[in-house]
Engineer: 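Below you'll find the structure I mean.
Order of the sequence lines sets the chain letters (A, B, ...), proteins ahead of strands, with each chain counted from 1. Because the structure is a prediction, the values reported are computed rather than measured.
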2 protein chains.
Amino acid sequence: MDMSDRTGTVRFMSLRHALLGLLAHGPASGYDLTRAFEGGIGQYAWQAGHSRIYPELGKMAEAEQVVVDEAGPRGRKTYTLTDAGRTELRRWMLHWPEQATVRDETVLRMFLVQSLEPDDARRLLEGIAEHCAAEIARLRPVMEAEDAEHHPGDPLPFGRLAGEYGLRQYEAVHGWALWSLERMAAVEPAVG
Amino acid sequence: MDMSDRTGTVRFMSLRHALLGLLAHGPASGYDLTRAFEGGIGQYAWQAGHSRIYPELGKMAEAEQVVVDEAGPRGRKTYTLTDAGRTELRRWMLHWPEQATVRDETVLRMFLVQSLEPDDARRLLEGIAEHCAAEIARLRPVMEAEDAEHHPGDPLPFGRLAGEYGLRQYEAVHGWALWSLERMAAVEPAVG
DNA sequence: AGCAACATGTAACGAGTTACATGATTTA
DNA sequence: TAAATCATGTAACTCGTTACATGTTGCT
């Protein structure tokens, strides 16, 4: 599979693709989509507020990647993916740029752990390990409950793969923090 | 450890903290720092080009978090971290906001795998698994070589913890992609 | 009647990318 | 002497956040 995109085509606009992806599993309003960004996507993948989402939906409608069902109370507009929208989503999902956009404050902190004094670094790593352990304890039962409800043959619940990704992410960071603590202890044992 | 920051203090500016963190391991010029962003930090944590870095260094000098050694050929300016800079770096490293900035195109794609048709999703996951396997094969020998050169008692090489983080990240994603393929196969076996 | 939640929009600002612009030093 | 690399800077544009602004519907 081709993991890179050497064509000089359309760049960036990941918010648009996030919206296309969310709309792929059913019509939704700007309000609904704003709520969606408050969940896992906003926590782990991409952030956006309603003030950015509404204008983008407008542009997507212009580009005929979505259509509006003018209806619903309180001026609610429901957007539905068009074939053009689904095609663009698929194109984006299958063609990865050589350098994808990344801006992750948490990962940045991990890259900079070694800029702290050893005692501070240790405290930070201990905090990370604890935090991950707590998140794992919170997420694992959610996944297990979802799996228990799932009958063979049913389609996977929306977000199940993403949830698993989050869980494994926390497990990886947890393991890394513990490994780093051991590694630091071997080099420069804590005083006390 | 306090993993959240409820104080209404200074927001965002992660680029500044990335620069403070890089300068913590030694003085560098804007050019050097721009190069640094082309490596692991830019690939996994935070992106920035020279056009953003130079003005930010200017502001940091104004705020006296760095000082300039006016010297060097071609108008090269070397920046050195001050105590104020180190204090600010430490503050940022130890106080985590409730919701950290995240914008990661790759993770976004993983969240949206389920928006693809099963055959496309399978091809994508296979591609991810292969890509991760290749990166793991590339990174592991680098780490092992670094570890082999390392003598007990020496400080950890700069970036060793970050490198391990990257490696474990790829391992986690690799495992997730394989798990997802199995999970999908159980639900909707591939045709053929 | 009042409050929470639903629902949409705009404006000002902050932060990053691409492109424009210039020049000095080193190396082949 | 030509090219690559070093080295810095600015301007225009895009994208995201915070704050401003307004009105409706459903629930208690």
Engineer: Counting only side-chain heavy atoms from C-beta out, which of D/dG16, C/dA15, D/dC15 sits nearest to B/Met13?
Structural biologist: C/dA15
Engineer: Hey, is A/Arg35 close enough to A/Glu38 for a salt bridge, meaning N to O under 4.0 Å?
Structural biologist: yes
Engineer: Between A/Arg123 and A/Glu126, is there a side-chain N and carboxylate O pair less than 4.0 Å apart?
Structural biologist: no
Engineer: Taking C-beta and beyond as the side chain, do A/Val173 and A/Met110 meet within less than 4.5 Å on heavy atoms?
Structural biologist: yes
Engineer: In residues 23-48 of chain A, what residues come within less than 4.0 Å of DNA chain D, judged by heavy atoms?
Structural biologist: A/Trp46, A/Gln47, A/Ala48
Engineer: Taking the six-membered ring for Trp, are B/Tyr170 and B/Tyr44 parallel (under 30°), tilted (30 to 60°) or perpendicular (over 60°)?
Structural biologist: perpendicular
Engineer: For B/Glu164, give me all partners under side chain to side chain donor-acceptor pair (under 3.5 Å), at least two apart in sequence or on another chain.
Structural biologist: B/Arg160, B/Arg168
Engineer: From the options D/dG23, D/dG16, C/dG16, select the nucleotide whose nearest atom is closest to the side chain of A/Arg74.
Structural biologist: D/dG23
Engineer: May I have the distance from A/Arg76 (atom CZ) to C/dA5 (atom P), rounded to whole angstrom?
Structural biologist: 17 Å
Engineer: Without decimals, in angstroms, what is the distance between A/Leu57 CG and D/dG16 C1'?
Structural biologist: 15 Å
Engineer: Output the rounded distance in Å from CD1 (B/Ile53) to P (C/dT18).
Structural biologist: 13 Å
Engineer: Rounded to the nearest angstrom, tell me the gap between atom CZ in A/Arg103 and atom P in D/dC15.
Structural biologist: 12 Å
Engineer: Just the table, please: protein N/O against nucleotides 9-11 of chain D N/O, every pair under 3.5 Å.
Structural biologist:
unit_1: D/dG9; atom_1: OP1; unit_2: B/Lys77; atom_2: NZ; d: 2.6
unit_1: D/dG9; atom_1: N7; unit_2: B/His50; atom_2: NE2; d: 3.2
unit_1: D/dG9; atom_1: O6; unit_2: B/His50; atom_2: NE2; d: 2.8

Engineer: Determine whether B/Leu57 and B/Leu33 make a side-chain contact, defined as any pair of heavy atoms from C-beta on separated by less than 4.5 Å.
Structural biologist: yes
Engineer: In terms of side-chain geometry, is the basic nitrogen of B/Arg122 or B/Asp119 positioned less than 4.0 Å from the acidic oxygen of its partner?
Structural biologist: yes
Engineer: Answer yes or no: is there a donor N or O on one side and an acceptor on the other, between the side chain of A/Trp176 and the main chain of B/Leu161, under 3.5 Å?
Structural biologist: yes
Engineer: In whole Å, what is the span from the CD atom of A/Glu105 to the C1' atom of C/dG16?
Structural biologist: 15 Å
